[in-house]
Amino acid sequence: MPRFYLHLNYLHDFLADPDGSDYRDLQSARSEAQQGIRDLAAECLRSGEEFKLFSIRICNAEGETLDEVFVQDALEGIIPLNAVQ
């Protein structure tokens, strides 16, 4: 199984995934990133903290970005972001 690195891209910070995880394919890694965004958003809602995550970058071992999951896309249909504005 290929190893993917899910890096957290915050508005003013970047948190690299040093270990990575094995996923069946890029789509599986993308699904994990989407669920991770939803979990982090739920945690912030429960705690009352500001949600500052912008995206999760999916990279390979060489550091190349293979895909990027944006918060707006991951929460679409769950939280109507355009209604919040």
Side-chain angles (χ1 to χ4, degrees):
M1 262 195 252
R3 181 165 292 260
F4 296 94
Y5 297 79
L6 306 181
H7 303 306
L8 303 179
N9 186 26
Y10 288 93
L11 294 175
H12 300 290
D13 200 8
F14 183 80
L15 183 60
D17 174 1
D19 303 319
S21 297
D22 296 330
Y23 297 101
R24 187 172 3 106
D25 53 24
L26 181 57
Q27 184 56 42
S28 296
R30 183 174 174 75
S31 293
E32 181 65 24
Q34 288 175 324
Q35 188 58 52
I37 288 172
R38 292 171 183 164
D39 292 344
L40 289 169
E43 187 178 309
C44 283
L45 284 170
R46 281 191 296 274
S47 69
E49 292 179 40
E50 184 179 359
F51 187 56
K52 297 179 183 179
L53 186 67
F54 180 71
S55 68
I56 294 181
R57 290 184 197 160
I58 304 169
C59 297
N60 61 18
E62 290 75 34
E64 299 169 322
T65 300
L66 305 174
D67 200 355
E68 188 165 10
V69 179
F70 294 93
V71 167
Q72 184 173 351
D73 297 331
L75 298 180
E76 186 176 18
I78 296 172
I79 297 175
L81 297 176
N82 57 356
V84 176
Q85 298 173 1

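Below, all heavy atoms of this structure are taken into account, side chains as well, without hydrogens, waters or symmetry copies. None of the values given here were measured: they were computed from a predicted structure.
- Taking OH of Tyr5 as the reference point, atom CG of Asn60 lies at 9.0 Å (rounded to 0.5 Å).
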**Request:** Please step through side-chain contact (heavy atoms from CB on, under 4.5 Å) for the pair Ile56 and Leu8, ending with a clear verdict.
**Result:** CA-CA 5 Å; Ile56 294 181; Leu8 303 179; 3.6 Å; yes
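- Going from atom CZ of Phe51 over to atom CG of Leu75 covers 6.0 Å, rounded to the nearest 0.5 Å.
- Between Ser31 atom OG and Asp25 atom CG the span is 8.5 Å, to the nearest 0.5 Å.
- Linking ILVMFWY residues whenever their side-chain heavy atoms come closer than 4.5 Å, directly or via other members, places Ile37 and Leu66 in the same cluster.
- For residues 51-66, the set of pairs meeting the salt bridge (Lys or Arg N to Asp or Glu O under 4.0 Å) definition, not counting sequence neighbours, comprises Arg57-Glu68.
- Residues Ala33 and Val69 share a closest heavy-atom pair of CB-CG2, 3.8 Å.
- Hydrophobic clustering (ILVMFWY, side-chain heavy atoms < 4.5 Å, transitive): Ile78 and Leu45 are in one cluster.
- A continuous path of hydrophobic side-chain contacts links Val71 to Leu40 [ILVMFWY only; heavy atoms under 4.5 Å].
- Every pair tested for salt bridge (Lys or Arg N to Asp or Glu O under 4.0 Å) that includes a residue from residues 33-48 fails, sequence neighbours excluded, so the list is empty.
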Output side-chain donor-acceptor pairs under 3.5 Å for residues 10-21, partner residues at least two apart or in another chain, one line each.
| residue | atom | partner | partner atom | Å |
| --- | --- | --- | --- | --- |
| Asp17 | OD1 | Asp19 | N | 3.2 |
| Asp17 | OD1 | Gly20 | N | 2.9 |
| Asp17 | OD2 | Leu6 | N | 3.1 |

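- Taking CD of Gln27 as the reference point, atom CG of Asp67 lies at 8.0 Å (rounded to 0.5 Å).
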